[in-house]
There are 2 protein chains.
Amino acid sequence: MSERKPRTGQSRTTLSDVANHIGVSAITISRALNKPELVSEALRQRIDDAVQLLGYVPNRAARALASAKSHSVVVLVPSLSNTVFVDTLAAIHDTLQPAGYQMLIGDTRYSPQAEEKLLRTYLEYNPDGILITGFDHTPAAQTLLQAAAIPTVHMMELAEQGDSPCVGFSQYDSGYALTRFLLDKGYRRIAFLAAQLDPRTLKRGEGYRAALREAGLYQPHRELAEASPSSVGLGSRLLDRLLLQAPDCDAVFCNNDDLALGVLFQCQRRHIAIPQQLAIAGFNGLDASAWSNPSLTTVDTPRYDIGKAAAAMLLQLMAGKAPAATRVDLGYRLLARDST
Amino acid sequence: MSERKPRTGQSRTTLSDVANHIGVSAITISRALNKPELVSEALRQRIDDAVQLLGYVPNRAARALASAKSHSVVVLVPSLSNTVFVDTLAAIHDTLQPAGYQMLIGDTRYSPQAEEKLLRTYLEYNPDGILITGFDHTPAAQTLLQAAAIPTVHMMELAEQGDSPCVGFSQYDSGYALTRFLLDKGYRRIAFLAAQLDPRTLKRGEGYRAALREAGLYQPHRELAEASPSSVGLGSRLLDRLLLQAPDCDAVFCNNDDLALGVLFQCQRRHIAIPQQLAIAGFNGLDASAWSNPSLTTVDTPRYDIGKAAAAMLLQLMAGKAPAATRVDLGYRLLARDST
DNA sequence: TGCTCGAAGGTTAGCGCTAACATTCGGCAA
DNA sequence: TTGCCGAATGTTAGCGCTAACCTTCGAGCA
């Protein structure tokens, strides 16, 4: 007949502590906090005071378990050190926070395998929604997503088939357009520098290639790709390598403003006149590119708006409503500046 | 005698589904997954197969509720768009992930009020530990931290009093040292440009002031501060303003490499020779500062190592062990380059 | 042979909360 | 006066999991 040891040490204040304190039932406290319109004004006031006094903090785990809703959203991005995704995250945060949703941020490091692992882990949290970057997932991850049957919005790219909800712009088109712009400016020997070979980078590269092929000007040796992350230093190094294997090029399309800045710096060191001897174009519209000498032509991408729109669409889906559109193309903006 | 409606729709596979499937009890499945050494080899294999087959995904909320451990850690940083904190986050991630802890990332946007709100929200998750930036918290936040009695490590700064666990370096010393360096180089009219006036920026400013006062060279009108976030563009604008109110200065201490780069670009436009007419020093050792022309003198800060050490210390504390030291000073590194 | 012991697995209860249904009670129309 | 309604609050039963304790059984040993 021995009493079993209780499981808790000194635990935190619970709902029923508050309830006992003012002599009502626990559910009333729960209601006062979550659906205040169902509780009378006077009682609600007393409850608020007691909550304050006792320092009551609700327990999310218990709430999630009882209500089968976690009020959390998984957000998977390839990198936290890339401004592109940081801006998108900020927008998502700004949209989901007021709606009462928490973000569970996962950094996939550009690896579909890591993404699958993160997805598996985060599904344990019973998220109410998922925001995921692009469409390049492992088969297992796709199965997981399907099986979980949780509202999901894909960001940054547009679905090429199927009707998966997505918000982004055409990476291919943007690469094509920037190359076209350089061609129209009269450049004929246009090189392409890329780092961090993620699917979006590759698609922009395809756009570049298509534009040059159409013009009959494509030369594989003017393309230089490096799998390591983009950085200013890498841009400088890539320029040196490029000039070894293709000394005659008259313009460089850098897949990223970091690279473009590094190319610019290296050209200064090598006394290559920009844009007279070599034109430089970057990608993503980073702050610095507007202020360098000369300022850098770049493609401004709607990162913040993508986050905003994707989160808004997800809120619709989670509320069981059909969003106005499930495929949102936010386009891009070519910023022609002094480097071309 | 009416049957009550069941609460679940088509819910996910649970532990007991797996248990029923192979004819053992639920607790055995739980053990096979969490403490595999307590289950026989053969049975464990059968369980693993069944888990695979049924696509079972554990429910974190239920586990957290039953075990009173959430296996999550709250990480509060002032900004997600500042490389400094992103690098720190990456390190934290790299340390906590293998130990089975999830990060709940909160972006306080440099506001103690927002920090307090985030803290309140995240405490609902019953985190097992907290990593928080600096020591500048609201009184209510301090009370919350104290009352929660959860292991907490402060990052980036060092406690000036008390024995709160902390990992960082002396912001004051680093500002003092960089100013001293400029003085030793012979500069006498040293200006200070700051943005995003967070406590760390302010402490570096104090170091700057102290060094100049000691040398009898402090002039308030050579200090220029702007509350908006640091950026390259802001650096360019601040230089213009500085030269209006203090045209005679011979060196600029920029609180941030972004600003320094903007100053450099603006000097190029104004045909001010660096470092002959004006020396420039930055802070934080960003990639670009090593590659600009001229390369920028800066102070490299151990952001990654801070994250690593803070997370490691937190793991110790969460395990109930006493860490080797609770006040870890990781120092900083002055990188003298061509701009001074 | 009888006993102990530890490995392997089971039983029970409950973590803190909320969905679903039940009850109470005052107001008000017929 | 009856009866009905809706606002305000209560009761009950779990959500899915694991801590704590319990049972079984075969190996090992005196």
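Below, chains carry the letters A, B, ... as their sequence lines are ordered, and counting in each starts from 1.
- The backbone N or O of B:Val24 sits nowhere less than 3.5 Å from a side-chain atom of B:Thr28 that would complete a donor-acceptor pair.
- The side chain of B:Leu15 lies closest to D:dC17, out of C:dC17, D:dT9, D:dC17.
- Rounded to an integer number of Å, the gap from CG of B:Leu38 to P of D:dC21 is 16 Å.
- Here A:Ser40 lies in heavy-atom contact (under 4.0 Å) with sugar-phosphate atoms only.
- Ring pair A:Phe85/A:Tyr110 is perpendicular by interplanar angle, where above 60° counts as perpendicular and below 30° as parallel.
- Between D:dG16 and B:Ser16, no contact under 4.0 Å exists linking OP1 or OP2 to a side-chain N or O.
- Each of D:dA19, C:dC17, D:dT9 was ranked by its minimum atom distance to the side chain of A:Val39; first place goes to D:dT9.
- Using modelled atom types, no side-chain atom of B:Thr138 and backbone atom of B:Gln113 make a donor-acceptor pair closer than 3.5 Å.
- Nearest nucleotide to the B:Ile27 side chain, out of D:dA19, D:dC17, D:dT9: D:dA19.
- In terms of phosphate contacts, A:Ser30 brings a side-chain nitrogen or oxygen within less than 4.0 Å of OP1 or OP2 of C:dT18.
- C:dC17 atom P lies 10 Å from atom CD of B:Glu124, rounded to whole Å.
- A sub-4.0 Å separation between OP1 or OP2 of D:dA19 and a side-chain N or O of B:Ser67 is absent.
- Judged by distance alone, with hydrogens and angles left aside, the side-chain atoms of A:Arg327 form a donor-acceptor pair with the main-chain N or O of A:Ala159 at under 3.5 Å.
- Remark: the backbone N or O of A:Asn82 is paired with a side-chain donor or acceptor of A:Ser79 at under 3.5 angstrom.
- Considering only side-chain N and O atoms, B:Asn59 lies nowhere under 4.0 angstrom from the phosphate OP1 or OP2 of D:dC15.
- When rounded to the nearest whole Å, the span between OH of A:Tyr125 and P of D:dG16 equals 18 Å.
- Among the atoms of the strands shown, base atoms are found under 4.0 Å from some heavy atom of B:Ser25.
- The CG-P distance, from B:Asn34 to D:dG16, rounds to 17 Å in whole Å.
- Nucleotide C:dG9 holds its C1' atom 12 Å from the CZ atom of B:Arg46, rounded to whole Å.
- Closest to the side chain of B:Ala62, from the set C:dG9, D:dT11, D:dG16, is D:dG16.
- Look at A:Tyr56 and you'll find a side-chain N or O under 4.0 angstrom from OP1 or OP2 of C:dC17.
- B:Arg12 places its CZ atom 15 Å from the P atom of D:dC15, with the value rounded to the nearest Å.
- In this model, the phosphate group of C:dC17 is not approached by any side-chain N or O of A:Lys69 to a distance below 4.0 Å at OP1 or OP2.
- Looking at which nucleotide of DNA chain D each of A:Ala26 and B:Ala26 is closest to, the 5′-most match is held by A:Ala26.
- Rounded to an integer number of Å, the gap from CG of A:Leu65 to P of C:dG14 is 17 Å.
- Listed candidates were C:dG16, C:dG10, D:dC17. Nearest to the side chain of B:Arg31 is C:dG10.
- Rounded to whole Å, the distance from CD1 on A:Ile29 to P on D:dG10 is 9 Å.
- When atom types are taken as modelled, the side chain of A:His154 and the backbone of A:Ile132 share no donor-acceptor pair closer than 3.5 angstrom.
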